[in-house]
Amino acid sequence: MSRKIRKAVLPVAGLGTRFLPATKTVPKEMLTVVDRPILQHVVDEARAAGVEHFIFVTGRNKSVIEDHFDNAYELEDTLRRRGKMKELEALMSDLPGAGNCSFTRQQAPLGLGHAVWCARELVGDEPFAVLLPDMVTMGGASKSQCLAQCVEAYAKHGGNVIAVEQVPAEETHQYGVVAVGKDHGRDFEITGMVEKPAKGTAPSNLIISGRYILQPEIFDILGTVEKGAGGEIQLTDGMKALSSRQSFHGVRFDGRTYDCGSKIGFLAANLAFALERPELADALRAEARKLGL
Ligand code: G1P
């Protein structure tokens with residue numbers, strides 16, 4: 001039987017240069033999709049998949065992330081005294097339990113593979129999830145979220161699991177791309193991986209979309225892997241090396257990803273999540289009509 005996925009690594013050390021000046025003092029992960037920080041959406045997704053412990057790989061300038069996942073005594077006390085119990089309960093239910101968050105710093109921006117490697121002591125010797133907070137996902141018709149769907153595939157296949165999604169062929173060079181082996185429909189065996197393939201060379205148009213379940217053997221590999229695309233230590237290169245010894249399956253998950261690392265993805269996420277909120281949807285549509293949309 002596969003071991004339960006209890007821990008998730010969230011790499012949040014990036015500088016957010018694509019969102020300046022907004023990210024000069026506010027970490028990009030704390031920008032909001034409607035009224036929740038991007039990172040809260042991602043933590044919610046992990047909790048819905050059964051994750052109990054959250055490991056944030058942070059950097060300088062990111063301390064508000066730690067504050068966000070802590071009690072805010074003055075605020076909670078004021079809400080209590082003013083009888084705003086609904087707001088108070090909502091705040092409290094967003095918080096992971098005591099001792100369920102760990103923070104470690106990636107001291108230099110050496111790449112995603114290096115960021116994940118920085119979590120090795122905190123993860124220890126058990127399989128774990130990785131969620132890239134740039135990607136905010138919304139469950140499809142099943143309403144089950146992306147990481148929960150990965151956990152389902154992991155229960156079936158064991159080994160390592162990666163969520164993938166289809167993009168137009170001309171966009172594949174911006175991502176990690178997988179090659180498809182034995183295909184079971186929604187999930188399939190991965191037979192190859194390449195990070196940021198040169199235009200026209202991608203093995204498929206299925207991109208790695210920022211949710212992973214990995215075995216702890218990845219850490220030794222990440223400790224020695226050479227720099228890859230963009231001169232960075234790439235998680236994809238580490239996974240490719242591990243795939244010679246362990247299975248990797250891809251999951252074409254039911255739902256959508258919004259790449260909040262790009263302005264258009266971030267704006268689209270705000271629209272999509274607001275339209276899911278009954279108290280906002282009609283008013284937002286009315287505003288959009290006023291703009292001629
Ligand atoms: C990272 C991964 C890449 C993945 C992408 C998803 O790239 O290295 O494999 O497809 O996230 O957003 P980055 O966005 O850091 O360039």
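As the structure lists them, so they are numbered: ligands from 1, and atoms in each ligand from 1.
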### Query
Below 4.0 Å from any atom of ligand 1, is there a heavy atom belonging to T236?
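Contact check T236 vs ligand 1: positive.
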Which ligand 1 atoms, with their elements, are less than 4.0 angstrom from a heavy-atom of [X]?
X: M135; result: 6 (C), 12 (O)
X: Q234; result: 8 (O)
X: K196; result: 7 (O), 13 (P), 16 (O)

### Task
For residues F266 and F19, establish whether the separation of their ring centroids is below 6.0 Å.
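Yes.
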Looking only at distances, please establish whether an N/O atom of ligand 1 is found under 3.5 Å from an N/O atom of [X].
X: I207; answer: no
X: I208; answer: yes
X: E195; answer: yes

### Message
Side chain, backbone, both or neither: which applies to L132 and ligand 1 if a contact is any heavy-atom pair less than 4.0 Å apart?
### Response
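Just the side chain.
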### Task
Pick out which of F219, F54, Y154 makes a ring pair (Phe, Tyr, Trp, His ring centres under 6.0 Å) with F128.
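One option only clears the test, and that one is F219.
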### side-chain contact (heavy atoms from CB on, under 4.5 Å) assessment of H41 paired with F273
CA-CA 10 Å; H41 284 279; F273 278 77; 3.7 Å; yes
#### Entry: Ion pair check, R105 and E66, cut-off under 4.0 Å
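No.
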### Query
Does the pair K28/D134 count as a salt bridge with the N-to-O cut at 4.0 Å?
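Result for this pair is yes, salt bridge flagged.
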#### Entry: Heavy-atom side-chain proximity of S144 to D254 below 4.5 angstrom
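No. Closest side-chain heavy atoms not under 4.5 Å.
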